[in-house]
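Only one structure is covered here, and it is reproduced in the block below.
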Amino acid sequence: MECFICTTCGVQQAPSARPPRHCPICEDERQYVPRAGQTWTTLQRMVAAGHAIDIREIDTGLTGVGIAPSFGIGQRGLLVQTPHGNVLWDCVGFIDEAAIAVIRARGGIQAIAVSHPHFYGTMVEWSRAFDHAPIYVPSADSTWVQRPDDAIVHWDERVEILPDVTLVQCGGHFEGSAVLHWAEGGRGRGALLVGDTLTVVPDTRFVSFMRSYPNHIPLAPGTVRRIVATVRRYRFDVIYGGWWDRTVTRDGARAVERSASRYLRWMGADDQP
């Protein structure tokens with residue numbers, strides 16, 4: 001029995017004797033099945049192909065966890081290191097012993113949290129590598145979990161998983177799409193870790209909002225206003241997106257407001273978020 005990994009989205013499936021016939025996450029309108037069809041791999045095959053976890057220092061108390069060479073959607077996770085424990089925010093579709101050793105040396109992982117189903121990756125493997133760390137998945141997205149596990153904890157609306165580290169459900173991209181607010185992040189200025197619940201775009205002065213990024217399906221104006229109203233309650237100056245080098249380094253709260261105004265204006269709606 002193998003836990004096969006979708007090569008398109010990078011999400012690991014439940015154990016099976018042969019590759020699954022379908023990837024429900026890729027068959028959803030927010031993702032896609034390649035024209036050549038669905039293909040699968042395993043952790044062992046990825047090791048043989050030369051994949052490794054890419055660990056980079058992002059900022060004080062923040063470490064990036066990606067894959068080299070890039071795999072699946074190409075996202076990277078973030079290890080948030082606090083005096084009360086560490087949180088792995090978002091996951092990638094691979095894990096290796098070298099990364100486990102590095103992260104253990106930094107205090108390990110006390111909790112795992114994911115922004116949305118496209119970033120589930122090998123979250124169960126990561127949990128088991130760190131003493132079955134709880135995996136926080138919004139109740140609204142529970143049906144998208146492809147590899148069920150007893151470590152999964154369902155939550156709704158808002159939950160403080162460590163002191164000053166809070167998960168906040170925003171909806172939009174997925175019904176349960178979430179952000180992580182780290183009150184002491186950004187060197188004390190406050191940080192918002194967003195995955196692509198709202199995504200940091202190449203012009204890193206801005207973020208944007210979509211139902212589907214690869215298929216260019218926008219969100220309705222009312223949904224965007226709800227996302228903005230949700231994150232407006234929190235103090236943050238830095239926004240960390242879901243990919244390397246996608247960071248709003250300052251003025252993050254105002255960046256969300258002006259980004260929403262621009263989005264709403266081009267949607268033909270009142271531009272006041």
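Residue numbers count from 1 along this sequence. Every value quoted in this text rests on a predicted model; they were computed, and no experiment measured them.
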Six-ring centre of Phe236, Arg189 cation under 6.0 angstrom, axis tolerance 45°: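 Not satisfied by the 6.0 Å and 45° rule.
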Walk me through whether Thr143 and Val145 qualify under side chain to side chain contact (heavy atoms under 4.5 Å, CB included). CA-CA 6 Å; Thr143 58; Val145 173; over 6 Å; no
Just checking, any donor-acceptor pair under 3.5 angstrom between side chains of [X] and [Y]?
X	Y	answer
Glu27	His22	yes
Thr197	Ser115	no
Thr63	Gln81	yes
Gln12	Gln146	no
Arg147	Gln13	no

Step by step, work out the salt bridge (Lys or Arg N to Asp or Glu O under 4.0 Å) result for Glu257 and Arg232. CA-CA 9 Å; Glu257 299 287 340; Arg232 191 180 282 146; 2.8 Å; yes
Contact list for residues 83-107, test ring-ring contact (aromatic ring centres under 6.0 Å, His included), sequence neighbours left out: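 For residues 83-107: none.
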Listed once per pair and sorted, the ring-ring contact (aromatic ring centres under 6.0 Å, His included) pairs that draw on residues 118-149, sequence neighbours left out: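 Non-adjacent pairs meeting ring-ring contact (aromatic ring centres under 6.0 Å, His included): His116-His118, His116-Phe119, His118-His173, His118-Phe174, Phe119-Trp243, Trp144-Phe174.
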Crowding at CG, Asp156 (>12 non-hydrogen neighbours, <6.0 Å):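 More than 12 heavy atoms, drawn from other residues, nucleotides or ligands, come within 6.0 Å of this atom.
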Acceptor/donor pairs from residues 46-58 side chains to any protein atom, 3.5 angstrom cut, sequence neighbours excluded:
{"from": "His51", "atom 1": "ND1", "to": "Pro69", "atom 2": "O", "distance (Å)": "3.1"}
{"from": "Asp54", "atom 1": "OD2", "to": "Arg56", "atom 2": "NE", "distance (Å)": "3.0"}
{"from": "Asp54", "atom 1": "OD2", "to": "Arg56", "atom 2": "NH2", "distance (Å)": "2.8"}
{"from": "Glu57", "atom 1": "OE2", "to": "Arg106", "atom 2": "NH1", "distance (Å)": "2.5"}
{"from": "Glu57", "atom 1": "OE2", "to": "Arg106", "atom 2": "NH2", "distance (Å)": "2.7"}

Leu43 side chain near Ile5 side chain, heavy-atom distance below 4.5 Å: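 In short, these two side chains touch, coming nearer than 4.5 Å.
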Glu184 CD to Thr82 OG1 distance, which is reported to the nearest 0.5 Å: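 Separation between the atoms: 10.0 Å.
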Following the transitive rule for hydrophobic clusters with a side-chain heavy-atom cut-off under 4.5 Å over Ile, Leu, Val, Met, Phe, Trp and Tyr, establish whether Tyr234 and Leu78 coincide in one cluster.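 Hydrophobic grouping puts Tyr234 apart from Leu78.
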Return the minimal non-hydrogen interatomic distance between Trp40 and Pro19, and the atom names on each side.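 Smallest heavy-atom distance, with atoms named: CD1-CB, 3.7 Å.
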